Structure formats: C-alpha cells, structure tokens
Amino acid sequence: MRSASSANAQTEQCLDLATAWSKHGQPEAEYPQSRIAQSQATLRAAILAVMTAPESSPASPSARHLTTADIRRKFLEFFQSKEHLILPGHPVVAPDPTTMFTVAGMQQFKPQFMGAPAVFNEGASKRVTTAQKCVRMDDIENVGRTRRHLSLFEMMGNFSFGDYFKRDTIAWAWEFLTSPEWMGFEPERMYVTIYVDDDEAFRYWTEDHGLPADHIHRFGADENFWPADAPLKGPNGPCGPCSEIYYDRGPKYGDDTWAEYADTRESARFLEVWNLVFPEFDRQGLDENGEPILAPLPFKNIDTGMGLERVASVVQDVPDFYTNDIFAPIIGKIAELSGRPYEGEQSVSHRVIAEHARSVSMVIADGVALSNTGRGYVVRKVLRRASRHAYLLGLNEPSIYQLVPLVVEKMKDGYPELVAEQERIQAAIKAEEERFLRTLEGGIQRLSGLLEDLGREKVLSGEDAFTLYDTYGFPLDLTQEIAAEHGVEVDVTGYELALERAQETARAGSRFGKSELFDAGAEAVQNLPQTEFVGYDQLDAEGDVLAVLEGETAGHKTVVLSRTPFYAEGGGEVGDTGRLEWSGGEGRVLDTRRVGGVFLHEVEVLSGELSQGQSVRGVVGPERAAIQRHHTATHLLHAALRAVLGSGVRQAGSLVAPGRLRFDFTHTAALSQEELAAVESLVSRWVSANFPVSWQEMPIDEAKAAGATALFGEKYGDTVRVVRVEGDVDYSGQAVSSMELCGGAHVRRTGDIGAFVLLSDENVAAGVRRIEALAGEAATAWVRERLSASAKAAALLNTSPESLEDRIAGLQGQLKASEKEVANVKRQLAEAQMGGGGSADTRELGGFQVASLKLSGIEGGELRGAADRLLEQSGADIVVIASDKGLVVKATKDAVAKGAHAGQLVGKLAAAGGGKGGGRPDMAQAGITDAAGALGALETAF
RNA sequence: GGGGGCUUAGCUCAGCGGGAGAGCAUCCGCUUUGCAAGCGGAGGGUCAAGAGUUCGAAUCUCUUAGCCUCCA
C-alpha cells in the first residue's frame, strides 16, 4: 500500500514540473498577440540558426544551434560519461495500473526505488538515465491556449538506486546546464529553489558552484518536498526535499524579478527546467507533539526530471514550445495545408493540431488503439479536439494524418520505433478523422433543423445543445459558432447542468458490476500458503486439503489444496474440471480459479465428506487435452495473423476453452476471404509439420530481451513462463516463430492439435477484430456437422450440395414470381366477385351514396384495392366492403368534407361483425369474422 | 461498466398506430448533336433479427445484434 501511494505522489510531483505555471490555481494568461509576432520572427531566426549552425554564436551560448534531438542525445551521453546505463524509456502505456499512461520518468523504476535489484535487459547498474515520453491527457483544454501545456512531453532523467546522492546530482545538473561543452547556460542566469531547511543543498549550490545566495530561494514542503507536504500530511514511507533549477530568460520575456517570482510563483521570464528529488527520509508518522518523525533511509535514491522541451526553448531562445525545432515545421505544414497563416486568434488551432498530432502519433505507436473505452477513448478525445480545430481552419477533409511523417521525422531520433509504425499510425488517424467529419456533418444537419424549429426565439436550449453533444458527438463550441451565425445564443448554463447530471448517472452506474460475491472467500484464503501447481506435466496428483469453504452455489464446496494438477482460470484459459478422490468419498471439480497464488476448486461432493487435513487425489478431466489443443492453436493463430497481416497485429484478449477459442487483436479492416484462407492454411501447415512446443521459466527481462511477446497492460511477475513454437516447413519455406509469455497449458507437439478451422472474423471495437476458431475434435465435429447440414439441405431440395446455391437462387425467383401471381389472382378474384361494380348494393344513408359489397376469401390489402375500384366504378360517396376476414370503408374527399367519417363507421360495423377496427376519416379497416352481420348493421350505423 | 441515438430501395434519408415514400443512381421510351440536360415510365424493400401489445405494427413495448455518440 505504502509503495503505491508514495509512488503516486512521486508521479504527481513530476507532473508538477510540467505544469508548474498553473499549479497554484491561476490559469495561465491567454496568448498575447504581440508575442505571437515576436515568436514568428524568432521562429524564423531559430530555424535559420539550426540550419546554418555556426560553431559559436556571439550573442548566445555555444549550444544555441542544438535541436531537441541533439539535446536529448547529449543528455544521455553526458550521464553515460558519469557511468550511467542508458535505458530505453517505457512505452506510454503505464507500467503499473496506478495511472493510465506513463506520467513520469521514474515510473518504470518504482520497483528499484522500493528495493528491487537494479538489473535490466541492458545490464545491472545502480545509475541509469532515460528519455521518457510522458503523457498527460486529463487536462487537455489548456493545450494550445497557453504557453506550455503539452499532452505529451519528454522527461530526461538520471536515477540513482542507493548509489550517489545529493552532492553529485547537483554537481552534474550544474555541469550539464552551464558547461560550454554541453548546454552552455550563463551561470549568472541560473536560479534554484531548495527546501526551507535543506542547508546541505544550499552549501553545495553556493560553495561547490559559486551560486550567489540571492539566486537561491527556500520554499516550504508544499513546493520543495516530495511528496508535496509529506512531512505533515503523509503518506508514510520514503520522502525528501527537492531542488528546482530555473533559468532567467531575460527581460524580453517580462519585467518581473526573481523576488517577484518567489512571491507569486508566476513568471514568463524564469523557467523551471529541472527538478532534483532527494528521497532521504522514511516518514513514520507524527510524534506526541504532532511533529513528523523522519528517520533517515538506509539507502538513498536520486530521481530527477529535466523538461526536454523547456531546455530546448532556452537553448533555441524561442518564447514557447511551439516555435522550437519540432513544432515549428509542423505548424508550418498546417498553415500550408489550410492556407491559414499562423497568426491571430486562429493560431490556437495550429498549436492544438500540432501538439495533438504528435502526442496521438506517439501513443498509437505504442500500441494503443482508438476505441470507445478506457485509454483508447482518451486518445480519441484528444484527436477529436485536434480534428475540431482543423475544421475551424477550414480543413473539412482528413488532414491531420498528413502530419504524421513530419512527426516521425522529428521524433525518430529518440524513438526509432515510430518509423516502422508510421503507416499504421496514419491509417488509424485518417480513419478517425473520417469518422469525426461524418459526425460533424450529421450534427450540422441536426443543428440547422433545431435552429429552424426555433423560429423567432433567439436562445437554443441547453438541453438541445447537450443532446447534440452527448448523443451525436457535436461539440459545444461548434454549436455556439453556428448558432451565432443565425443570431442565436446557446444556454450554456443549461448545457452544463445537463452534462453534470449525465456524469452523475454514469458514475453511479459504474459502481456496480464489481463482483463482491467472492470477496469474503478471498479474505479467508489470504493467509493460506501458495498452492503448488503441478498440472503442466501431471494430470493426476496427490495433495492435502488446506481449507473447505462454502462454494459459489449452494451445496458446492470451494476447496484449497496444498498441491494440485488443476489449472486455474487465467491468461484467457478457462479453469480445469475433473475429479477428486479420497478414502471414503469422491467429488467432481466443476471449475478452478485462483486468488493470488492460492487455487480454489469448486467441488460438488458426490459421496463422503471433505475435511481439512485430508489427503486427496486430483484427476484432471479429458477436457484438458482439448484446452491444450486450443491454447497452442491460439499461439499459432497469433503468429499466422502477424505473418499474413503484418506486425500491426497485437493480441487484445483471448478465450481458450475446451470447445473453442476466441482471439481478439488490433487490426483496422475486415479480413478478406483470401486473408482468412491464408491464415487458416498457414496454421494447418504448422500443425501438420508437427513442430515441438517447449516452455521454460526465466526472468522477465531475459524473456523480453529474447523477444517474447507480452501483452499490453498485463502484469507479470519477476519470473515468467515462456512458451515457444519454432520450426520451418520444408516444402513451403513458411517458418513459424512464436514466443509468448504465457502461463497456460499446451500440447507437446503442434501435430497434437489435429484439425484447425477458422469460424468467423468480426468487429468488436474500433480497430479490434475477433476471430473464433476450433481445434482438434471440436474442429472435425464442426466440419462434419456443416457437411451433414448442407447434405440434408441439398436432399430436401433434390440436389447436390455443390449446386445448392444455384438451386436456392432459382427457387427464390420462382417464389417471387408465384407471390406476384397469387396477388394478381386475388385481385382478379375480387374483381370477378364485384362484377364491375354491378353487384354492389347502393343506397342512400345519412345523405351519402353508400355502396356496399360482400366478398369471400379476400383479406387486407386486396380489400383495400377492391374498395378503390368500387369507389371509382360506382361513383358512390362511401364504399363498404366486407368479407369473413376483414372490413374496409373508404370515403371520397367530398364526403369527408361533408362530415363522413370512415373510422367511426368502421367501428360500429366491426362491432356488429364480431371484431374491432378503426382508421382515418377517408379510410378505415377492421378485422371481423361475420361479413353479413357487419353489412346488416349498415342502416343503423348512420 | 453506464447513459443517449441510429438501423426503411444500390446510395442519402423522410414517414413514427390504419394504403411503404422522396431525391440521387439503374433500366426503358420520348425530346435534345453540348457542360451534373429535359419530359414520361419501369424495375428495385423479410422497414436489422426475434418475441409481445393490438382488429391492425416500419411506427408502441421487450430481447438480441451491428453501428454512432457521451461519460466512468
């Protein structure tokens, strides 16, 4: 618990660096116009400087011509020269479930900060350095509107796991920033903040580096402590002071002074570029006087974060991130595509599009698929915000995807994986842009309908505006803009009320749905030892009963054994079933689940008693063999999909059961028949080649280094099991190479799978497809069933299965022709009975000429047709046609005008004819059973 | 996980208890030596699937599926 919460606080601390300018609740000022003109000029100068790159520019530090990529590289090189191990940053998909995305440089090192050995794929080292892409998408409304909110930013970090401490990290930060060999910042422009009583840091800054005392400011625990306010408020655990480094960008960025900054903590001139955190205490609560107890930590860590974009803006002397070497060209491209220059109010849109295009590309590259839920939804929202701004710039065709090559070009130095993913990123963004533009179009149509209905009212209700947003995805600001064009205002207060209400119901709704049923059992099981699982090799094993609990359904028991051959549900594979035997009794195992490392067997006791301490024999049932076939088949399917569709395929979930397998994976388009056939035959070939399947346990780092496929968002322990299928098919050259982290049960050789058949490919979410398939007996049984079904169908139609298609098409044609003919015949029958209208009985009733006619064997539609013809032929005002199935009354327009009402008439007649009915004044019908009775009531009905 | 909406002709959609429609597209005539031509006509539908309510359901209710959308 302690580790998670303090880690979380750490995370927030790092985020604060990125948003320091707004952390005190003061929203940042909107973009000042004068600064934009200035920034354009500076932008050109910066780009020019980058391109011509003189060895040393007189007006600036020697580092001024560095690109962002240069700075990133130099940072890593610098710390490598200080004996740090360069590690790759973690994907933006968070390494732990406490956050949705990776939000801090240290996040992947939480285990090391908690004492785990500092051993990585790249080697063992207590000093590491990384470039970490961090994603923060929960507060995107400010991105583009302010100087330096970004939804994706890069944290350069150097970390010590119980190695060097405060003095070294201060010295290195100073050297990297001020040495002309590295960043070359002028020392007289450097300022730092320290924790109020951190005299040690003060000494290092002043004595080691000659920083004047008036360039150092002391802040309290709210500002210069990690986690913020930890001494008084907790949490307990590792904590410590921190020191932030600022750079004075000079009076052209504002007239404020450092003293003013210390007071208001708001400044455009003084830019925080680096935060050094010194966790040196173990908080152990408060003493009797309410003072915090801060014991020294046995080993001290260092955790730092240098904001790459911030340092780059200092180095390049640009007023904000958007004029740096990464964003400037992207913004230029947006101006080019839209034909709208980067100036004035609309420049917000350029910034939003550029920033979001970069962050969304990076996130998609790390395997996040745009979707309607969770992480995928957050990314989609960000992309839609960009799309909306593109629309505001007059881009009403997909265009953001065209920025991707630029993003890749600018970022690939630090993140080479982008290159291989470029096409996939573009496809995903383009598809989403198309969808959004369709949504906008529909919304515009709907909105203009609403505006028309408004008439002379000048306010569109908040309800309507909210429905547009909530149901049709049409954003409020566009609603306002279009309404304004019609001189209509939008009731924003009403909109916000409706939004709040909707959020409330969504929250309330999602609170349920957790299975609380099982929690009681989980507690009882918590203190039991881990179950020894032997089921990979043995299907029959002895164990002792450690606990017997009430089962999930009445009469069943939940049994915990010391040792078991039963596999517990996990990794998509269902739990094992089978038998338990003991002296004096036996039971059926219906399901096996696990809580942590404790296996729970759901048992139906057939005879005898089960009690704690008893020795029992577990025998796994025959379903296991079928499960193993399906599980290995799933791995082959995964490999085949990647072979046929490309490496864009990533597993997104799976189910392995004795009777079938289901595999979800990321892919944007439906699979063609050819692709399905290719995948199926590839798997079949690998099956018949009878490759060996092997598995072994190894440290997770080793497995990842070997290239084993791990699942996104899945948590693995230190030791993992790797299942491998490798081999080459002699006659086709189609090699299989499958290596997955997997705890499931598998067959020994691929040949054991037997048969393999793909059943279906369907869409489960945007960008995710699902394949169902069968292996072994389930597959052959399915094929047999299909064959016999088509044989039976063919027999019914007196044809062969091969010509079923033609035969059915032929019959359909015949059926349609027959239906038409029947309709014709019925019409003729009605006409014959009408005898050209002559057989109708016409009389005057209630001032109308009323023609009535009794037909037999005619119903519904034909009665109406007959009534039409009778109305024409007889020249009557009202016609009544009845059969023993129905009744139709029609009246001419004139008759209706004079007060005739077919609907009322039919009600009375139907009642007399044993039925009910109704209709319009000019036409009405009823279902009746007695035609004579209905017609007999004609006189009295008027 | 929860809320809202949609599904009708090849396409875009209207209709929302009482005869399945429009525009575009297709085909056939006529007119016209021309740019999205004009006029007349025809073909094309399991109104997503299933159950229910009703004398009667595209229309109301429920279930299911697919899609869109907002939220967690």
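Quick caveat: nothing in here was measured; it's all calculated off a predicted structure. Order of the sequence lines fixes the chain letters, A, B, ..., with proteins taken first and strands second; residue numbering starts at 1 for each chain.
The nearest heavy atom of RNA chain B to A:Gln503 and to A:Asp922 marks one nucleotide each, and the one closer to the 5' end goes with A:Asp922. Nearest-nucleotide assignment on RNA chain B puts the 5′-proximal partner with A:Gln445, out of A:Phe436 and A:Gln445.
In this structure, A:Arg385 and A:Ile140 have side chains that are in contact, with non-hydrogen atoms separated by less than 4.5 Å. A:Val574 places none of its side-chain heavy atoms less than 4.5 Å from the side chain of A:Val656.
Listed by chain and residue number, A:Asp922 satisfy the salt bridge (Lys or Arg N to Asp or Glu O under 4.0 Å) test with A:Arg920 (two or more places apart in sequence, or in another chain). With sequence neighbours excluded, no residue forms a salt bridge (Lys or Arg N to Asp or Glu O under 4.0 Å) with A:Glu489.
Applying the 4.0 Å criterion to OP1 and OP2 of B:U69, one finds that A:Arg380 has a side-chain N or O inside that range.
Rounded to whole angstrom, the span from the CD atom of A:Glu504 across to the P atom of B:G3 amounts to 15 Å. B:G3 atom P lies 22 Å from atom CG of A:Leu468, rounded to whole Å. In this structure, CZ of A:Arg435 is placed 11 Å from C1' of B:U69, rounded to the nearest angstrom. Atom NZ in A:Lys381 sits about 8 Å away from atom P in B:C70, given to the nearest Å. The distance between atom CZ of A:Phe466 and atom P of B:C70, rounded to the nearest whole Å, is 11 Å. The CZ atom of A:Arg438 sits 8 Å away from the P atom of B:U69 (whole-angstrom rounding). Residue A:Leu499 contributes atom CG, which lies 18 Å from atom P of B:U69 at whole-angstrom precision. Here B:C68 presents its P atom at 19 Å from CD1 of A:Ile444, a figure rounded to the nearest Å.
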### Under the 3.5 Å Watson-Crick or G-U criterion, the dot-bracket string of RNA chain B, with | for inter-strand pairs
((((((((.[[[[.)..(..]]]].(((((.......))))).....[[[[[..)....]]]]]))))))).

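Listed nucleotides B:G4, B:A72, B:C68 differ in distance to A:Thr471; the shortest reach to its side chain belongs to B:G4.
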Report each atom pair, protein N/O against N/O of nucleotides 6-10 of chain B, whose distance is under 3.5 angstrom.
none

Atom pairs under 3.5 Å, N or O on each side, protein against nucleotides 54-56 of chain B: can you list them with distances?
from  : atom 1 : to       : atom 2 : distance (Å)
B:C55 : OP1    : A:Lys916 : NZ     : 2.4
B:C55 : N1     : A:Lys916 : O      : 3.0
B:C55 : O2     : A:Lys916 : O      : 3.1

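If you take CG on A:Leu468 and CG on A:Leu476, they are separated by 9.5 Å, rounding to the nearest 0.5 Å. A distance of 7.5 Å separates CZ of A:Arg424 from CD1 of A:Ile364, quoted to the nearest 0.5 Å.
Side chain A:Asp470 to base B:G3: a donor-acceptor pair is found below 3.5 Å.
B:A65 sits 31 Å from B:G43 when the C1' atoms are compared, rounded to a whole Å. Straight-line distance between the P atoms of B:G41 and B:G15: roughly 26 Å, to the nearest whole Å. Taking the C1' atom of each, B:U46 and B:A20 are spaced 13 Å apart, rounded to whole Å.
Using a cutoff of 4.0 Å between basic side-chain nitrogens and carboxylate oxygens, A:Glu432 and A:Arg384 are scored as salt-bridged. Classification of A:Arg501 and A:Glu463 as a salt-bridged pair holds, one side-chain N sitting under 4.0 Å from a carboxylate O.
Sorted by first then second residue, the side-chain hydrogen bond (donor to acceptor under 3.5 Å, both in side chains) pairs that include residues 471-480 of chain A, not counting sequence neighbours, are A:Arg388-A:Asp477, A:Arg446-A:Tyr472.
In the model, A:Gln849 has no side-chain atom that pairs as donor or acceptor with a side-chain atom of A:Thr842 under 3.5 Å.
Residue A:Lys890 is classed as a base contact, given a heavy-atom separation below 4.0 Å to a base. Across all strands, A:Thr467 comes closer than 4.0 Å to no nucleic acid atom at all (heavy-atom distances).
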### Task
Could you walk me through whether A:Ser387 and A:Ile400 pass side-chain contact (heavy atoms from CB on, under 4.5 Å), step by step?
CA-CA 7 Å; A:Ser387 232; A:Ile400 296 170; 4.2 Å; yes

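Within 6.0 Å of atom CD in A:Glu485, more than 12 heavy atoms from other residues, nucleotides or ligands are found, so the atom counts as buried in its surroundings.
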